[in-house]
Every structure is written in C-alpha cells, then in structure tokens.
Q: 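First the structure, which I've put down as structure tokens, then a few questions once you've had a look.
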Amino acid sequence: MMTRGRSSAFPKVVIERDTESEESSSSDDEGEDGPEPETSEEEEGEEKEQEGEGLPERGSGDGKEETLADAKKKGKAPITISLKKVCKVCKKPGHEAGFKGATYIDCPMKPCFLCKMPGHTTMACPHRVASEHGVAPAPHRNTQNPVEYVFERQLIPRTRQCKPAYVIPNQVSCAVIRYHSRRVTCLEFHPRNNNLLLSGDKKGQLGVWDFDKVSEKVVYGTIHSCILNNMRFNPTNDGMIYSSSSDGTISYTDLETGISSSLMNLNPDGWQGPSSWRMLYGMDVNAERGLVLVADTAGLLYLVDTRSNNETGRAVLIHKKGSKVVGLHCNPVQPDLLLSCGNDHFARIWDMRKLEAGGSLYNLAHKRVVNSAYFSPMSGTKILTTAQDNRLRIWDSIFGDMDSPSREIVHSHDFNRHLTPFRAEWDPKDSSETLAVVGCYISENFNGTALHPIDFIDTGTGQLVAEVMDPNITTISPVNKLHPRDDVLASGSSRSLFIWRPKEKSDFVEKKEERKILFCGKAEKKKPGKNVGNESEDDSDCDGFNSKGKRSKFSKKELICKSKRKVKR
DNA sequence: ATTCAATGCATCC
DNA sequence: TGGATGCCCTTGAA
C-alpha cells in the first residue's frame, strides 16, 4: 500500500466501521488470524472511497485517530469513510464484481455489460448463450430517389443469385510474432504477395512480416510519430503504401526501403497544445478517381491526388464539426459512393460528385460511436458497421432501406481506452457477402482460462458460426483481417500478431446452420503451477509457450504454434 | 503475487 | 463550448 504525505489543507477523515462486514471480510481473508482492522483489503476499500469523495491525499492509516470534533474545530467538513467491502464497479457494499477464477462476475447494479440492458448480468444475458440474434427483417424499400436508381441499375445485376455456403475449417494453427513495442492498431495484407502482412502500431511504426518464412520481418520506425490509424496500398504500385496517423500526416512509404514522404501535414507548426492538434484517422484510396481520401478529428474530409501527391480541392465537413471521422470506405463497384463513420454516432453515405457539408445521401444513425463501416466486398450493396453500443449492424440497400438496419447483432466489442477499437470486417472471399470477423471483448471461462475469442458471424442470420481461440493466447484481439485470397486470418492482439490458418485443407467443413463450431489451439490447458520460474517447455506441444500458459519467448524469437484438436462447447 | 502506469476519449456540466 | 472527470473483463513491466 502506498504511503503518501498528509496535506493539512484537506478535511479530516472519519472512519465509519461496520462490524458485520469487518467480520465477514476477515473471514474471507484465507484463514488469517482474528479480526484485524488494518487488512490490506480494507485499506483498499478505504482508498477507493476516498478517491470517490475527491480527496487527493491522505495519511497512511493515522486518519483513524481524527474525530468529528477535531475536524469541526478546524472548520473542515469531515469525510466519512466506510470500511465495508465495496464493489469496485459501483462502490456499493454487499457484492463484488470482478474475476472469480476465469469467470467474470458482473456488478448487478449496472446494466448487462454485453447487451446494455438492465435487469440481468452478462452471465444471464440471452445474447450470450443464444446462437442467433437479430431484429426482424427490414421492410422492402421503395425506389424513389436517384441513388436507389443507381443501386438498382448498377449494383443489383452484380449480386450473386444463389448464395454459396462459405466453408469453415475445424482446426487451425497459429503463427505468432511480436515486434511491435506498442499495441497493434491496423493490419493489411499485401494485394499480390500472399504471405506478406503489414501492421501498424500505436507508436506509428510499420511492420512488414513474411508469415510464411515467419522470421522475415522489417519494422520501420520513423514513418509516423504516433498512432498509425490506417494504411492502404497504392493500387497502381503495390510497393508503396499510404498511411494516416494521429500525428496529422499521410505518409507515402516504399515498402522495400522504408523511405517515406509526407503527402499532407495538418500540424505544420508542430505542437501548439491539444486544442489545435489535428489527427488523421479514416483513410481510403479511390483508384478510379486517383484519390487518397482522408479524414481528421475535426470532422473534415481531405482529398489528395495520387498523381501529383498534392491535396486537391477543399476540405469538406462530412461529420459533426469537431468530431472524429474514424473510417472511410469507397464502394468496391461504384466509385462515386463513399462511406464514412465517426464519433457523431453516424455512418454516412456520400456521392463523390457532390461532396459538401450536409450533403450526404444517407445518414445511418447509431446509438453510440461508430468504430467502422464497410461496404460489402463484392457488390458493395450491404454495409457492416461496428458501434460502441455493442451491436453490429447490417444495412442492406437492396432488401432493406437506409432508415434502419436490416439486422442488429449484439456482440461484445466495447470501447476501452487501452484497446484498439474493435472493427468487424467482411470476409473478402465470401461471395455470399455474409461472413464477418470481429474480436470479442468479454471472456469466456474455457477450461479454467479466461479467453477472448475471435468471432466469425453470419451476418445474414446473426449466428455465431465459429470462434477462434488458443488457450495460450489470453489477450484480446481487437484487430482482425481476413486474407483476400487465402484461408488466412490475421489478428493483432496487444503487441503481438497472429496468423491463423486451417491445419489442413481436408479439415474444412460445410457451414452448418444450427451448430456453433468452436475451434482452438491446445485444448488441454494445464493449471498454472506454483514454480513460476520454470521456463521449461518440455511438456508443451506448442513452441514458445510453456506449460504455465506464459508466453516465455515471444520477444526473443518467432514462433509457430500448432493447434491440437477441436473442442466443442 | 501485486501494483502501477500508460494517457484515449466519451460524456457531463 | 470547453474543460473536468472518470472509466466494468488491459497489458506488461517493475
């Protein structure tokens, strides 16, 4: 427990004891001797309570000698501190939230952490156990305006008439690498080289990893000075990438040399304080128009000509003034359609020919911040959004309308300041345009280990089709990307990167509507031993992981982790 | 084993 | 509108 100096300028502290809870708390303390008023547990509660009262500092325990009279004499209002055990979430006594083993116990005073509805906890949430969720199918739209005409005439003919089933492997292997020193923020597969994965991190570094040779990687550290938010390949030269960053620049980088030039800098005068600093988040490349589109934290969209590498036209306010635009996506078949999303709780569809503030074609309303919005990869007729209200939404321009989503899927992907925001992404290979991948925030107790799966969701039904996890990987994977051609999933989890592949081609199974498939790595997770110092991997089937489930060699060498068997829940 | 801190950002007043 | 506030399942280093 930390000891701090006392400041006499602050009110005195009066401790309110609760004998009943004192007894119970000491009995909780794993067979400690008799009631002891200064258990660390109690002090922790005391500290928290005090912070809640806004008292910055206090003495280390002698506050108990202060009395109400003392405090009154000195003209300070006394602060009463409870020694009762309190819930760390709601600060109320009588219950405690947090992990009990590998199971997280919710605070009952708060709405469900998963679906955000009051009256039940995450454990009892119907969305946690149901394999399918979703709103009623959207009503048929009426075709009145010109955009709908464009949709009907140009996009509908490109959609597949019958829906082929995607296939899911039932075993995966996982390659692991760690070269980022801060958490991973974005991933991108090379458009031609099947084994090349690009990764950006919070520090602004860019990693290039040949995951087939595993050990072949390069890290470029000077492209950006802070968060690398998005990157895209130059459609006419796949040796070059564009990247947007919170340092306010777009960099144009040669992947071979790491030499980059800055196409744009929103902070030419450097740091003038937080109010004037601009960051670039959403970015995409419009190949047909030869443009890099990028949007900032003020709600503005900028266009950069890829031929001259200069900004073109004027910045357009596309989201609420002063709000961050986190995502931009150009329609894959209709280059005049642009999708944006941001912190003003909207995803918006734009006509590139008529870009002006307030001139969006559609505004897709969400209950909270929209982390990402993507057109479906082949026809571009559907939109998948990830919002911080723990819902994935599908907006269908053909079979639904743009006034309301055609489906909402409750899924845990909350905001947390320590995590890269979750983004659900389409499977670019799924011609039925239904399969999506997204990381999961809440954990599941899996053989005694709390694991955070990567979920595959059939957006057509809301069904959770598969969950990918490995008992050795206990961290959350908010960043996920499916390979454009191969059956490969890349994940960014904290500072590590993972490549998941089917163990063998023959392992593929047809999609099954009623069955939730779970596949993962080593199924037998051994209980953590007492002798933590033992780094032996003798009893491990998984290179780089020891039997304690600790990642012992991540930073020392690159690893391949083989999955063992399929596990059903 | 436990503690700490990084330092983003939505929301509230 | 802008500054203060406070954060429910983090992560990894000390």
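Convention: sequence-line order gives letters A, B, ...; per-chain numbering from 1.
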Q: What interatomic distance, in whole Å, is found between P of B:dT7 and the corresponding atom of C:dA14?
A: 15 Å
Q: If you pin A:Cys112 and A:Lys321 to their nearest nucleotides in DNA chain C, which one's is more 5'?
A: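 Between the two, 5'-proximity favours A:Lys321.
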Q: Who passes ring pair (Phe, Tyr, Trp, His ring centres under 6.0 Å) against A:His224, sequence neighbours left out?
A: none
Q: May I have the distance from A:Arg495 (atom CZ) to C:dT10 (atom P), rounded to whole angstrom?
A: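 It works out to 16 Å between those atoms.
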Q: Across nucleotides 6-13 of chain B, 5' to 3', mark each nucleotide with B, S or - according to how protein heavy atoms within less than 4.0 Å reach it.
A: BSBSSS--
Q: For A:Lys110 and C:dG6, what is the distance between atoms NZ and P respectively, to the nearest whole Å?
A: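 Spelled out: NZ on A:Lys110 to P on C:dG6 is 12 Å.
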Q: Whole angstrom is fine here: how far is it from OH in A:Tyr441 over to P in C:dC7?
A: 13 Å
Q: If you check every side-chain atom of A:Tyr104, which of C:dT11, C:dC9, C:dA13 has the closest atom?
A: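 Ranking C:dT11, C:dC9, C:dA13 by closest atom to the A:Tyr104 side chain puts C:dC9 first.
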Q: Give a yes or no on whether a salt bridge exists between A:Asp414 and A:Lys116, defined as a side-chain N under 4.0 angstrom from a carboxylate O.
A: yes
Q: Could you pull out all residues at least two apart from A:Glu425 that satisfy salt bridge (charged side-chain N to carboxylate O under 4.0 Å, His left out)?
A: A:Lys481
Q: Would a line drawn from the ring center of A:His180 to the ring center of A:Trp209 be shorter than 6.0 Å?
A: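 Distance test on ring centres: not under 6.0 Å, no.
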Q: Under the side-chain hydrogen bond (donor to acceptor under 3.5 Å, both in side chains) rule, collect the residues that match up with A:Lys320, sequence neighbours excluded.
A: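 Partners of A:Lys320 under the side-chain hydrogen bond (donor to acceptor under 3.5 Å, both in side chains) test: none.
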Q: Considering residues at least two apart in sequence or located in another chain, which fulfil the side-chain hydrogen bond (donor to acceptor under 3.5 Å, both in side chains) criterion with A:His452?
A: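 For A:His452, no residue satisfies side-chain hydrogen bond (donor to acceptor under 3.5 Å, both in side chains) once neighbours in sequence are set aside.
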Q: Would you mind reading off the distance between A:His452 atom NE2 and C:dC8 atom P, rounded to a whole angstrom?
A: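 In whole Å, C:dC8 P lies 16 Å from A:His452 NE2.
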Q: Would you classify A:Ile476 as touching base, sugar-phosphate or nothing, given that sugar-phosphate means primed atoms plus P, OP1 and OP2, and contacts are heavy atoms under 4.0 Å?
A: sugar-phosphate
Q: So, is A:Ser494 near the phosphate of C:dG12, with a side-chain N or O under 4.0 Å from OP1 or OP2?
A: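 Yes, within the criterion.
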Q: A:Phe99 has an atom CZ; how far is it from atom P of B:dA1, in whole Å?
A: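 About 16 Å, once rounded to whole Å.
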Q: Taking atom P of C:dC9 as reference, at what distance in whole Å does atom CZ of A:Phe422 sit?
A: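 Distance check: A:Phe422 CZ to C:dC9 P gives 12 Å.
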Q: Is A:Ser412 touching bases, backbone alone, or none of the nucleic acid, heavy atoms closer than 4.0 Å?
A: nothing
Q: What does A:Phe113 touch in the nucleic acid at a heavy-atom separation under 4.0 angstrom: a base, only the sugar-phosphate, or nothing?
A: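 A:Phe113: base contact, heavy atoms under 4.0 Å.
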Q: Using a heavy-atom cut-off of under 4.0 Å over every strand shown, decide if A:Pro111 touches base, sugar-phosphate, or nothing.
A: base
Q: If the condition is side-chain hydrogen bond (donor to acceptor under 3.5 Å, both in side chains), which residues does A:Tyr104 pass it with, not counting sequence neighbours?
A: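 None.
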Q: Take atom C1' in B:dC9 and the same atom in C:dG12, then report the distance between them in whole Å.
A: 22 Å
